[in-house]
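First up is the structure itself, then whatever we jot down about it.
Values reported hereafter were calculated over all heavy atoms of this structure, with side chains retained and with hydrogens, waters and symmetry mates removed. Positions are given from 1 along the sequence.
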Amino acid sequence: INDPFGDPGVFVDFLHQKRAMLFDMGDLANLPTRKILRLTHAFVSHTHMDHFCGFDRLVKIMLGRPKRFTVIGPTGFIEKVEHKLGAYAWNLYDESTAEFSIVACEFNEDAMLQIAEFSFQNAFERQDACSRQVADGVIVDETDYTVRAVHLDHRIACLAFAIEEKQHLNVWRNSVTEMELGIGPWLQELKQAIRRGAPDDTQITAKWRSNGVWHEATHSLGVLRNLVKASTGQKVAYITDIGFTPDNVEKAISIAAGADHLFIESPFLDADADIAARKMHLTARQAGMIARRAGVRRFEQFHFSPRYEGQADKLYEEASLAAHQDGDSS
């Protein structure tokens, strides 16, 4: 969302779907309203101001719209959301106001996901809901993707995240044309049927518009399967605000393993490793080493310390060298 010296925040859009996800919510001024309104989930690594101050802007934009928004953070997160919402007066709700609610979840060290809901209709009064045990760090599990989290140490509870497609599906447009069908939203229905393992006799109606005229044709899933190519799903990992400790490093490598795209903080140069250690942050060399050991295809650095203003190239170069060198570094 911001330049590498700005507040952390990564916006993950879903192609051909009216949804998106957000990892951390510091300054959101650069995120347009239309993108904020696409959000269904946000994941907060920890509640230092530069990772959480954008919550107010997000709520302000979503308020009064028919929306249910889920936000997930570390231990104690629900209470932080409650205090944020409790700082304002919510007396203007009436029967004509569209309902808006926030589902706040906290992922605790005992692998329990605690859940509470805050509804505008009830002046955002906290309503505790169920809690559930989390297996293998999977805090969100939907038909087409999962989101995993792992607990890291920043002298407070801090989470790293990875979102992973269960299966990546591409439509063969030439095959669609050969079947005398047209491109349209019905292809998303086809993909969802494949993802959920629907039987071959499932009927799917193709609807598309051509030269101003709507067309329609119904076929079984078995007939339509050849229109779609399945491949390994994409993976995006997000790691920030961690000390370079053996436990943190191993957990970071585990959650980022094989990622197509890793977003990782690198606030300091290795010459200032002592400062990084005191502040429980990574150096660029350490970030590059983690990316290499995790075997990621691509990584992007962020959260640069302002002490290096005008020297971003040094941070990029140091991380790149570490990412491509042979052998491990301590």
Distance under 6.0 Å and angle within 45° of ring axis: K84 vs F52
yes
Evaluation steps, side-chain contact (heavy atoms from CB on, under 4.5 Å), between L169 and Q167:
CA-CA 6 Å; L169 301 177; Q167 193 177 41; 3.7 Å; yes
Does a side-chain N-to-carboxylate-O contact under 4.0 Å join K251 and D247?
yes
The reported gap from CD in E165 to CG in D144 (rounded to nearest 0.5 angstrom) is 7.5 Å
Can you check whether F5 and F304 have ring centres sitting under 6.0 Å from each other?
yes
Does the pair E318/R285 count as a salt bridge with the N-to-O cut at 4.0 Å?
no
Could E250 and R293 be called an ion pair, given the rule that one side-chain N must be under 4.0 Å from one carboxylate O?
yes
Is K279 salt-bridged to D272, going by a charged N under 4.0 Å from an acidic O?
no
Crowding at CZ, R19 (>12 non-hydrogen neighbours, <6.0 Å):
yes
So, are D153 and R155 salt-bridged, with charged N and O less than 4.0 Å apart?
no
Mutual orientation of the aromatic rings belonging to H303 and H51 [parallel < 30°, tilted 30-60°, perpendicular > 60°]:
perpendicular
Heavy-atom count around K166 NZ within 6.0 Å, excluding the residue itself: above 12?
yes
Between E117 and R68 the two heavy atoms that sit nearest each other are OE2-NH1, 2.6 Å
Side-chain ion pair, R298 and D260, N-O less than 4.0 Å:
no
